[in-house]
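Just below is one structure, and these are the notes that go with it.
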Amino acid sequence: LLHMSKSDIHNYAKHRGIVWHEDSTNMDTKYLRNYIRHTILPRLSAEQWRQLHELLVRMRHVNSEIDQILDIALHMQPSRSSLSRGWFSRLPYAVSSEVMAHWLRRQGIRGFNRRQLQKLVTSCKTLAPGQRIDVNKKYVLTITGGLLALTLRDR
């Protein structure tokens, strides 16, 4: 919604009977998103805004292409809920992080952060077979000799 002003969004909501809720952290510049929004973006010229918008559109297209490539790579895995450990271990760290994040999202797992992702990737590449890694309250990742298997946690 970068192309729309906040007042445009307010008006849209008002005309459609949508109740507006303001996030209590929106004004706190200790959060990077707010620092950028309140300190950096207001200083941009119209031309800089145009360039930023073009860059973001290009990034969206690149990310879409990356997602398609990841879907193909994951489609070639043993199953929807398992990855070849050998294949995964040979990936460069940055690539394996993207694969892990995409794989988790395909399983409906959301809300993980970079630190959790780093722990999962490192564990999958280094732990001995038979080890289990907590993903969240619902899932664990089990390492076997040849597979990384995502399973429901024992109740």
Side-chain angles (χ1 to χ4, degrees), residues 1-4 6 9 21-45 47-155:
L1 297 175
L2 286 176
H3 63 285
M4 298 182 76
K6 189 170 186 176
I9 298 169
H21 294 281
E22 188 74 28
D23 183 331
S24 62
T25 66
N26 273 350
M27 298 307 290
D28 191 341
T29 57
K30 76 177 181 183
Y31 298 103
L32 181 59
R33 71 179 189 278
N34 293 334
Y35 178 77
I36 292 169
R37 185 183 309 131
H38 296 297
T39 308
I40 297 173
L41 293 180
R43 295 179 181 168
L44 297 181
S45 68
E47 175 60 18
Q48 289 169 324
W49 265 103
R50 186 191 64 71
Q51 290 174 351
L52 175 62
H53 185 263
E54 285 178 8
L55 176 63
L56 292 173
V57 167
R58 282 197 316 265
M59 286 176 55
R60 185 176 64 222
H61 291 297
V62 168
N63 283 335
S64 177
E65 290 175 11
I66 290 170
D67 285 345
Q68 289 174 8
I69 292 167
L70 289 171
D71 282 336
I72 291 167
L74 291 176
H75 183 72
M76 297 184 319
Q77 293 304 303
S79 75
R80 181 172 171 80
S81 62
S82 65
L83 299 176
S84 163
R85 187 176 188 199
W87 171 79
F88 185 81
S89 295
R90 288 188 297 275
L91 295 172
Y93 180 80
V95 175
S96 59
S97 293
E98 290 301 319
V99 166
M100 178 64 69
H102 194 78
W103 184 50
L104 293 174
R105 285 191 293 270
R106 279 184 64 181
Q107 308 302 319
I109 299 171
R110 307 267 191 273
F112 49 87
N113 60 39
R114 280 280 159 208
R115 179 178 287 154
Q116 292 165 311
L117 198 57
Q118 179 182 10
K119 179 183 175 190
L120 287 170
V121 170
T122 302
S123 297
C124 287
K125 290 183 175 223
T126 61
L127 290 179
Q131 299 292 311
R132 294 166 54 114
I133 309 154
D134 292 332
V135 175
N136 60 20
K137 292 179 180 179
K138 188 175 179 181
Y139 289 97
V140 294
L141 210 156
T142 303
I143 299 172
T144 68
L147 292 177
L148 304 170
L150 190 62
T151 58
L152 289 171
R153 181 183 297 281
D154 297 332
R155 296 282 173 198

Where do M27 and N34 come nearest, in terms of heavy atoms and distance? N-ND2, 4.3 Å

Interatomic distance, OG1@T122 vs CD1@I133, rounded to 0.5 Å, equals 9.5 Å

Pairwise distance CG(L120) to CG(L127) - rounded to 0.5 angstrom: 10.0 Å

Inspect the surroundings of CZ in R43 and state if more than 12 heavy atoms from other residues, nucleotides or ligands are less than 6.0 Å away. no

Nearest heavy atoms of S89 and C124, plus distance in Å: OG-O, 4.2 Å

Side-chain heavy atoms of L141 within contact of M100, under 4.5 Å: yes

Between the CZ atom in R85 and the CG atom in L148, the distance rounded to the nearest 0.5 Å is 6.5 Å

Contact check, side chains of S96 and K125, non-hydrogen atoms, under 4.5 Å: yes

Reference residue V140; test side-chain contact (heavy atoms from CB on, under 4.5 Å); the match among L150, L152, V135, T151: T151

Between R33 and T25, what is the shortest heavy-atom contact and its length? NH2-OG1, 2.5 Å

Residue pairs meeting salt bridge (Lys or Arg N to Asp or Glu O under 4.0 Å), one or both in residues 54-63, sequence neighbours left out, come to R50-E54

Looking at every non-hydrogen atom in both residues, tell me the closest pair between R80 and Q107 and how far apart they are. O-NE2, 2.7 Å

For atom NZ of K30, decide whether the heavy atoms of other residues, nucleotides or ligands shown that lie under 6.0 angstrom number more than 12. no

Can you measure from CD1 (I40) to CG (L44) and round to the nearest 0.5 angstrom? 8.0 Å

Scanning both residues in full, the closest heavy-atom pair of I143 with S123 reads CD1-O, 3.4 Å

From CZ (R115) to CG (L117), nearest 0.5 Å: 12.5 Å

So, R105 side chain and R110 main chain: donor-acceptor pair closer than 3.5 Å or not? no

Taking only residues two or more places apart in sequence, or in another chain, which ones meet S24 in a side chain to side chain contact (heavy atoms under 4.5 Å, CB included)? none

Has Y93 got more than 12 heavy atoms of other residues, nucleotides or ligands less than 6.0 Å from its OH? yes

Check whether any side-chain heavy atom of N136 sits under 4.5 Å from a side-chain heavy atom of R153, and report yes or no. no

Using distance only, find each side-chain donor-acceptor pair of residues 70-78 under 3.5 Å and give its atom names and separation, not counting sequence neighbours.
unit_1: D71; atom_1: OD1; unit_2: H102; atom_2: NE2; d: 2.7
unit_1: Q77; atom_1: OE1; unit_2: S84; atom_2: N; d: 2.7

Are Q116 and N113 side-chain neighbours, meaning at least one heavy-atom pair lies under 4.5 Å? yes

Residue pair V99 / W87, side-chain heavy-atom distance below 4.5 Å: yes

Mind checking whether L147 and L83 have side chains closer than 4.5 Å, heavy atoms only? no

